[in-house]
Novice: 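Take this structure, written in structure tokens, and hold onto it; I'll ask about it next.
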Amino acid sequence: MAGATPSCVFCAIAAKSTPDNTLLHSDDKVVAFQDINPSAFRHYLVVPVAHIPTVKDLQRKPDDHSLVNHMLEVGKTLLLRDAPQSQQYRFGFHQPPLNSVNHLHLHCLALPYTPSRWRSIKYLSFGPLGFIEAEKFLEKIKPSSTFQ
């Protein structure tokens, strides 16, 4: 899970090996950049540096919870900086099989959606399929406080 995958476009971006990509944020855990096909007024992706395929690969562990929380905080900070006038923000993940790239990525959207009927549909929740809000996902992977 920790190493980069050579064929993964997001691993290449996280390793800063793509010439045309401008990072909005970079630290030892995550990078953030604009979505190449934005669905909203501002649409950023926050991805872990480590290759983690999907939300299904995260568990109720402190490290996983901390990573997702950090991703969310980075996304919120960027959108508040770049789109403070937005009336609504959305943060979440597409779940398999509806994820577009097999590298965990948080969608950070400052609404309104771009003019297209289908843009907003991609960000609706369909139970175990579709889009899961970041806050709900954090609750789902919150480590239990009981010791075993």
Novice: Check whether any side-chain N or O of Y89 sits under 3.5 Å from a backbone N or O of G75 as a donor-acceptor pair, and report yes or no.
Specialist: no

Novice: Using the rule that two of Ile, Leu, Val, Met, Phe, Trp, Tyr join whenever any of their side-chain heavy atoms come within less than 4.5 Å, decide whether L104 and I141 are in one cluster.
Specialist: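 Both belong to a single hydrophobic cluster.
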
Novice: Taking the six-membered ring where the residue is Trp, are the ring centres of F10 and F33 under 6.0 Å apart?
Specialist: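 Yes.
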
Novice: Hey, is the main chain of P48 close enough, under 3.5 Å, to the side chain of H103 for a donor-acceptor pair?
Specialist: yes

Novice: Can F41 be reached from L80 by stepping across I, L, V, M, F, W or Y side chains whose heavy atoms are under 4.5 Å apart?
Specialist: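 Hydrophobic grouping puts L80 apart from F41.
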
Novice: Under a 4.5 Å side-chain heavy-atom rule over Ile, Leu, Val, Met, Phe, Trp and Tyr, are L79 and L138 clustered together?
Specialist: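 Same cluster.
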
Novice: Consider only side-chain N and O atoms of D57 and T54, and report whether a donor and an acceptor are under 3.5 Å apart.
Specialist: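 T54 and D57 do have a side-chain donor-acceptor pair below 3.5 Å.
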
Novice: Is there a donor-acceptor pair under 3.5 Å between the side chain of S86 and the backbone N or O of L111?
Specialist: yes

Novice: Could you go through V74 and L78, starting from their C-alpha distance and side-chain angles, then the distance that decides it, and tell me whether this counts as side chain to side chain contact (heavy atoms under 4.5 Å, CB included)?
Specialist: CA-CA 6 Å; V74 167; L78 291 172; 4.0 Å; yes

Novice: Shortest non-hydrogen contact from C108 to V46?
Specialist: SG-CG2, 3.8 Å

Novice: Between atom OG1 of T22 and atom CG of L24, what is the distance when rounded to the nearest 0.5 Å?
Specialist: 8.0 Å

Novice: Can you see which heavy atom on E139 is nearest to which on R60, and at what distance?
Specialist: O-NH2, 4.3 Å

Novice: Looking only at heavy atoms, what is the nearest atom pair of V55 and P96, with distance?
Specialist: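 Of all heavy-atom pairs spanning V55 and P96, the closest is CG2-CD, 4.2 Å.
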
Novice: Return the minimal non-hydrogen interatomic distance between E135 and L72, and the atom names on each side.
Specialist: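 That would be OE2-CD2, 3.3 Å.
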
Novice: Answer yes or no: is there a donor N or O on one side and an acceptor on the other, between the side chain of R42 and the main chain of L109, under 3.5 Å?
Specialist: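 Absent.
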
Novice: Looking at every non-hydrogen atom in both residues, tell me the closest pair between P62 and P143 and how far apart they are.
Specialist: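 For P62 and P143, the tightest heavy-atom pair comes out as N-CG, 3.6 Å.
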
Novice: Among R90, K122, H43, which residue meets the side chain to side chain donor-acceptor pair (under 3.5 Å) test with Y113?
Specialist: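 The option that passes is R90.
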
Novice: How are the rings of H107 and H94 set to each other: parallel, tilted or perpendicular (split at 30° and 60°)?
Specialist: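 The rings of H107 and H94 stand perpendicular, inter-plane angle above 60°.
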
Novice: State the OH-CZ distance between Y123 and F91, to the nearest 0.5 angstrom.
Specialist: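 It comes to 13.0 Å.
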
Novice: Check whether any side-chain heavy atom of L106 sits under 4.5 Å from a side-chain heavy atom of F93, and report yes or no.
Specialist: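 Contact flag for L106/F93 side chains = yes.
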
Novice: Just so I know, are the side chains of V9 and V101 near enough to count as touching, which here means a heavy-atom distance under 4.5 Å?
Specialist: yes

Novice: CG/L45 to CD1/I13 distance, rounded to the nearest 0.5 angstrom?
Specialist: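 Reported to 0.5 Å precision, the distance equals 8.0 Å.
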
Novice: State which residues pass side-chain contact (heavy atoms from CB on, under 4.5 Å) with Q59; sequence neighbours excluded, sorted by chain then number.
Specialist: K61, D64

Novice: Counting C-beta onward and ignoring hydrogens, is there a side-chain heavy-atom pair between H70 and D27 closer than 4.5 Å?
Specialist: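 A side-chain contact exists here, since the closest heavy-atom pair is under 4.5 Å.
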
